[in-house]
Amino acid sequence: MTVSRGREFLSIPGPTNVPDQVLAAMQRPAMDIYAGEMVGITDACLKDLSAIFRTRGRTYIYAANGHGGWEAALANVLSRGDQVLALASGRFALGWGEMAKMLGAEVEVLGGGDWRRAVNPAAVEERLKRDKAHAIKAILVVQIDTASGVVNDIPAIRKAMDAARHPALLMVDAVASLGCMPFDMDGWGIDVAMSGSQKGLMTPPGLAFVAANARARKVHETANLRTLYWDWTFREGEIHYQKYCGTPPEHLLFGLRKALDMLLEEGLDHAIRRHALLAAATRTAVERWAEGQVLAFNIPNAAHRADSVTCILMQGRSPQPLLDYCRDKCGVVLGVGLGELTDKAFRIAHMGHCNAPMVLGTLGAVEMGLKALAIPHGSGGVQAAVEHLGREVEA
Ligand SMILES: Cc1ncc(COP(=O)(O)O)c(C=O)c1O
């Protein structure tokens with residue numbers, strides 16, 4: 001017997017659920033790309049994205065996924081042979097660093113590729129102090145590493161750079177955090193920030209966003225890894241067609257416009273609090289389950305757990321039967337473990353267009369699976385999540 005028919009619950013950490021209103025907004029004919037409504041949509045999206053990044057710098061929209069956003073960020077500010085420091089805290093800063101290496105930078109990974117801890121700002125300060133010649137030109141860090149479920153303290157990393165009096169650019173990946181957790185590009189002294197459409201911003205995959213402050217744009221003037229497709233200067237041209245270095249991805253932009261309207265209507269601060277609450281409810285359930293000594297948080301330090309995704313270790317057994325059970329019997333799709341955590345962990349997303357029944361439904365399916373598969377766990381996880389939300393959501 002299964003109870004999987006009904007709306008599938010996509011509980012993976014990206015792409016996330018696309019609201020029906022966003023899908024509906026995409027259901028329209030193509031339009032002129034040189035004048036009229038499309039130009040207005042671009043201007044409005046750029047203005048709102050800058051507000052969400054919280055920057056007075058410039059924002060660029062690319063027809064690309066997150067990897068494209070990474071390459072856009074790197075190619076605009078680096079020169080061949082530049083030294084780059086990637087701050088490891090899971091999979092994604094490593095991936096960004098690998099990309100920088102292939103583009104022609106000299107990449108050093110700090111942190112030894114630790115998947116269970118946030119970046120240590122003191123180690124960043126120590127490393128930068130040793131770089132007396134200021135050979136390191138950029139620091140790559142991910143605010144939320146979607147693979148490990150960690151959130152890094154970006155203001156503390158900025159402080160560490162300042163304490164070392166180091167002029168490297170601070171480049172931050174906000175793919176799994178923008179619209180989900182506080183982000184303040186100018187306030188935190190971030191030089192280049194990037195993100196994608198498919199997580200907190202509730203839009204189908206295919207758009208990447210990069211924001212650059214005045215310092216980064218100055219470095220850009222002499223960077224020699226620039227290529228036409230990613231180039232900020234070209235995209236700053238007057239002609240609308242240049243803003244995308246070609247035909248705009250119109251339908252994704254129609255969807256993005258609607259998603260930004262929805263986000264701003266809810267209020268960015270409210271959306272961030274909603275994420276915090278749903279994340280806390282999820283963690284409450286996981287804490288109970290962990291009493292059975294098989295499940296455990298991948299990030300032991302509670303202060304370093306992200307509000308958009310929770311990564312749960314399965315000690316001594318594969319999570320695959322649980323993932324299969326949730327998908328096939330209940331219609332809930334959970335995230336698999338990535339990289340070092342392949343077949344060792346699973347992930348529950350609480351990111352983007354997501355509300356209490358979606359999270360409670362997902363937790364309910366996991367708890368059903370734990371019982372059905374006789375995986376040792378503390379009982380009452382879902383009940384604890386319900387009670388947590390009941391306390392926090394005012395009547
Ligand atoms: C934090 C982070 N950065 C970058 C990426 C890469 O994005 P994409 O898969 O769209 O290329 C991802 C993808 O999940 C991510 O989670």
Side-chain angles (χ1 to χ4, degrees), residues 10-18 53 60-75 84 86-100 102-103 109 111 113-115 118-119 139-154 157 171-181 183 185 190 192-211 229-230 249 252 255-256 259 275 279 298-299 304-311 333-342 345-352 354:
L10 187 67
S11 301
I12 63 170
T16 58
N17 290 285
V18 179
F53 276 120
Y60 307 86
I61 303 175
Y62 294 89
N65 59 17
H67 280 73
W70 280 348
E71 186 158 322
L74 297 169
V84 168
L87 309 183
S89 59
R91 176 69 210 120
F92 288 98
L94 299 179
W96 201 4
E98 284 154 14
M99 182 172 264
M102 199 149 183
L103 283 170
V109 175
D114 194 325
W115 284 63
V119 169
I139 293 201
L140 309 181
V141 62
V142 173
Q143 187 183 12
I144 290 179
D145 190 293
T146 328
S148 65
V150 83
V151 58
N152 286 310
D153 186 344
I154 304 298
I157 292 167
M171 303 179 68
V172 179
D173 171 321
V175 171
S177 54
L178 202 65
C180 310
M181 285 193 85
F183 189 85
M185 176 160 167
I190 297 167
V192 181
M194 56 76 58
S195 193
S197 52
Q198 77 272 22
K199 299 195 200 259
L201 300 186
M202 305 183 290
T203 303
L207 295 177
F209 315 115
V210 177
Y229 186 69
W230 304 121
L252 285 169
L256 176 68
H275 280 82
N298 181 53
I299 302 300
H304 295 163
R305 293 179 194 142
D307 281 349
S308 53
V309 58
T310 298
C311 183
V333 185
L334 299 168
V336 294
L338 295 181
E340 276 186 16
L341 299 178
T342 301
F346 67 98
R347 295 173 298 158
I348 298 176
H350 22 84
M351 189 192 302
C354 186

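Along the sequence shown, the residues carry numbers beginning at 1. Both ligands and their constituent atoms are indexed starting at 1 by order of listing.
Between F92 and W70, the ring planes lie tilted relative to each other; the angle falls in the 30° to 60° range.
Every ring pair (Phe, Tyr, Trp, His ring centres under 6.0 Å) that Y60 has, sequence neighbours left out, goes to W232.
The two residues G69 and V210 make their nearest non-hydrogen contact at O-CG2, 3.7 Å. The two residues M351 and S308 make their nearest non-hydrogen contact at CB-O, 3.4 Å. Closest non-hydrogen pair, G179 versus H275, comes out as O-CE1, 3.5 Å.
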What short N/O contacts, under 3.5 Å, does ligand 1 make with the protein, listed by atom pair and distance?
{"unit_1": "ligand 1", "atom_1": "3 (N)", "unit_2": "D173", "atom_2": "OD2", "d": "2.6"}
{"unit_1": "ligand 1", "atom_1": "10 (O)", "unit_2": "G66", "atom_2": "N", "d": "2.8"}
{"unit_1": "ligand 1", "atom_1": "10 (O)", "unit_2": "Q198", "atom_2": "NE2", "d": "2.8"}
{"unit_1": "ligand 1", "atom_1": "11 (O)", "unit_2": "N65", "atom_2": "OD1", "d": "3.4"}
{"unit_1": "ligand 1", "atom_1": "11 (O)", "unit_2": "G66", "atom_2": "N", "d": "3.2"}
{"unit_1": "ligand 1", "atom_1": "11 (O)", "unit_2": "H67", "atom_2": "N", "d": "2.8"}
{"unit_1": "ligand 1", "atom_1": "11 (O)", "unit_2": "H67", "atom_2": "ND1", "d": "2.5"}
{"unit_1": "ligand 1", "atom_1": "14 (O)", "unit_2": "K199", "atom_2": "NZ", "d": "2.8"}
{"unit_1": "ligand 1", "atom_1": "16 (O)", "unit_2": "T146", "atom_2": "OG1", "d": "2.4"}
{"unit_1": "ligand 1", "atom_1": "16 (O)", "unit_2": "K199", "atom_2": "NZ", "d": "3.4"}

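Residues W115 and N298 have side chains that never bring a donor and an acceptor to within less than 3.5 angstrom of each other.
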